[in-house]
Protein chains: 2
Amino acid sequence: MPPTRRIYRREGEESRRSALITATQSLVAEGGPEAATVRAIASRAGVTAGLIRHYFQTKEELIGASFRALMDSMIQTGADAAKMVDTSPEGRLAAFVGSTLRPPVMEAGSVVLWAGYMHKLRNDPDLLAVHEAAYLAFRDTLQDLIAALPRKAPAAQHRAEAIAINALLDGLWVEGSLLPDSFAARELITIGLRSTGAILGVDLLKPTDLLPEFGKS
Amino acid sequence: MPPTRRIYRREGEESRRSALITATQSLVAEGGPEAATVRAIASRAGVTAGLIRHYFQTKEELIGASFRALMDSMIQTGADAAKMVDTSPEGRLAAFVGSTLRPPVMEAGSVVLWAGYMHKLRNDPDLLAVHEAAYLAFRDTLQDLIAALPRKAPAAQHRAEAIAINALLDGLWVEGSLLPDSFAARELITIGLRSTGAILGVDLLKPTDLLPEFGKS
DNA sequence: CGCTTGATTATACAGTTGAATAAGAAGGCT
DNA sequence: AGCCTTCTTATTCAACTGTATAATCAAGCG
């Protein structure tokens, strides 16, 4: 008998590409880069392996695209929280801080996914540029929020403050994602807000009683 | 003619084990976990692949040992800087901060190496325990330094402060290692000292004019 | 000095990897 | 309808993976 051939639907290019990218991300998050083989990716995306080379010339290209997508989504979450208009400057900064310290950003999967791409940055200048751009975009958002605060601080200081707070949030994000059981429920958010406030000389804990509502999509 | 067999020396167990661990680390740092194949590791360590299984029952065991070695060396550097006796409490804390923000800790290789092991933490409880122990050891050293400061702050606050400063240093470490060209020479150390001081309410910049001398081995 | 021991090498193996190619199916065009 | 381009699958390939096992040689001991 003729070998029964798999039935399939034709899908738009965008749909297939994003399905492959999503599949790649979930595999890297679960089992690291070595788990993201072309066959595993294809299987999870519901297609066969050969299709990958139809949309991405090489596997590296797919890896790069999925890294880009991750970075985009990370800075997007923060940018959304920073855009809230009907709030005080302190409230927007607090919302920004909070959004990075709770799911979906603060999750074991995100950190592991991010770490999984890390070593590729050293050998691939394009990927490094993506990383640098995302880092600077995140920091610039932060710096704008800092500049909007009602306080007397020289603008020259804003850069250093943004670097410090960005680092603080990164560190809390990593630790909280990797060791979720080592911290009480909202402990890291409180610590993030208090420390950010200390660095900037403002009080962020007061206006954030409503914070659990912020950042919900 | 008879195939010439490779000449070799017998080495002590400790020497071979550490050679294999070092080789594993340098390969992971350079090309990520996927570059650390048994053959590459053996070649770099100057032995043949089969020998690995003589010292480590499986490759995973070797990976675990090299992760342990990395974590040990990381916390050791900080502990050494914190142990300086003939200095003020502020001076010791400043030395601790500085030691994490300069080589050999702050290096692209270190971060990439650390990130390379990351995803294994999710599936291997033993490795996760190693990571947690190292993280807590680092934080405890920090907390002791904080407790020794001459200031009026409730001891209950020390834990939160140590978590925050640890996160800050982690974040600066990652960013500085990954994007070394984005920061001026001692910029990150200054930022680390100023921010740590702000979180704790002390001045760390003053007593650290000699800081470049600290932490040199 | 000869012998035993076990550290080390060499070879083999089954499975998997990323990539290449050819065949077939779906849908748009006229 | 019929053709033609684009998408999708199936199959193949050489290279590489971790592990297992057998052969061999270095070195310490009697």
Side-chain angles (χ1 to χ4, degrees), chain A residues 1-24 27-28 30-67 116-117 119-120 123-124, chain B residues 1-24 27-28 30-67 116-117 119-120 123-124:
Chain A
M1 65 185 173
T4 79
R5 196 183 174 88
R6 179 194 170 111
I7 61 169
Y8 63 94
R9 282 191 317 159
R10 282 174 94 122
E11 295 263 352
E13 165 164 350
E14 214 44 49
S15 157
R16 287 287 193 218
R17 286 181 81 95
S18 80
L20 288 170
I21 287 174
T22 302
T24 304
L27 281 166
V28 173
E30 285 169 24
E34 59 217 38
T37 69
V38 288
R39 288 169 178 78
I41 293 168
S43 158
R44 182 157 303 196
V47 298
T48 50
L51 187 65
I52 290 179
R53 296 213 356 124
H54 191 261
Y55 289 110
F56 302 93
Q57 201 150 12
T58 171
K59 186 194 172 189
E60 287 303 305
E61 206 177 304
L62 170 57
I63 297 285
S66 60
F67 180 67
Y117 293 115
H119 86 272
K120 298 190 195 299
N123 305 325
D124 187 333
Chain B
M1 65 183 172
T4 81
R5 194 185 173 90
R6 177 193 172 113
I7 61 171
Y8 64 96
R9 279 191 319 159
R10 289 173 93 125
E11 297 258 353
E13 165 165 349
E14 214 44 49
S15 157
R16 284 288 192 228
R17 287 183 77 95
S18 79
L20 288 171
I21 286 174
T22 302
T24 303
L27 282 165
V28 174
E30 286 169 25
E34 60 216 37
T37 69
V38 289
R39 287 167 178 80
I41 293 168
S43 160
R44 183 158 302 197
V47 297
T48 52
L51 188 64
I52 289 179
R53 296 222 346 132
H54 192 262
Y55 288 107
F56 301 92
Q57 202 149 11
T58 172
K59 187 196 172 190
E60 288 303 303
E61 205 178 305
L62 169 57
I63 297 287
S66 61
F67 179 68
Y117 293 114
H119 87 273
K120 298 190 194 295
N123 304 325
D124 187 332

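Quick note on labels: first sequence line is chain A, next is B, and so on, each numbered from 1.
- Atom CZ in B:R10 sits roughly 6 Å away from atom P in C:dA7 (whole-Å rounding).
- The two residues B:V28 and B:P33 make their nearest non-hydrogen contact at CG1-N, 4.2 Å.
- The distance from atom CZ of B:R16 to atom C1' of C:dT8 is 8 Å, rounded to the nearest whole Å.
- Residue pairs that meet the salt bridge (charged side-chain N to carboxylate O under 4.0 Å, His left out) test with at least one member in residues 46-59 of chain B, sequence neighbours left out, do not exist here.
- Here A:T58 does not reach the OP1 or OP2 of C:dG18: none of its side-chain N or O atoms lies under 4.0 Å away.
- For C:dT9, one of the phosphate oxygens OP1 or OP2 lies less than 4.0 angstrom from a side-chain nitrogen or oxygen of B:R6.
- The distance between atom CZ of B:R5 and atom C1' of C:dA10, rounded to the nearest whole Å, is 6 Å.
- Atom-to-atom, OH of B:Y55 to P of C:dG6 comes out at 13 Å; the value is rounded to the nearest Å.
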Nucleotides 13-16 of chain C: which of its N/O atoms have a protein N/O under 3.5 Å away?
none

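- Under the side chain to side chain contact (heavy atoms under 4.5 Å, CB included) criterion, B:A35 pairs with no residue, sequence neighbours left out.
- Nearest-nucleotide positions on DNA chain C for B:H54 and A:R53 put B:H54 closer to the 5' end.
- The interatomic distance linking B:I63 (CD1) with D:dG18 (C1') rounds to 12 Å, in whole Å.
- Put simply, CD on A:E34 is 18 Å from P on D:dC16, counting in whole angstrom units.
- Expressed to the nearest 0.5 Å, how far CD1 of B:I21 lies from CZ of B:F56 amounts to 4.5 Å.
- A heavy atom lying under 4.0 Å from DNA chain C marks the following residues of residues 45-52 of chain B, by number: B:V47, B:T48, B:G50, B:L51.
- Nearest heavy atom pair, residue B:L20 against residue B:I41, reads O-CG2, 3.9 Å.
- Straight-line distance from the CD atom of B:E61 to the C1' atom of D:dG18: 14 Å, rounded to whole Å.
- Considering every non-hydrogen atom in both A:V38 and A:I52, the closest pair reads O-CD1, 3.4 Å.
- Sorted by first and then second residue, the salt bridge (charged side-chain N to carboxylate O under 4.0 Å, His left out) pairs with a member in residues 34-48 of chain A read A:E30-A:R44, A:E34-B:K120; sequence neighbours excluded.
- Contact between A:A45 and A:A19 at its shortest, heavy atoms only, is CB-O, 3.9 Å.
- Within the structure, the salt bridge (charged side-chain N to carboxylate O under 4.0 Å, His left out) test picks out the following pairs touching residues 13-23 of chain B (sequence neighbours left out): B:E13-B:R17.
- Looking at heavy-atom distances under 4.0 Å, B:E13 makes no contact with the nucleic acid at all.
- Taking atom OH on B:Y8 and atom C1' on C:dT9, their separation rounds to 7 Å, with Å as the unit.
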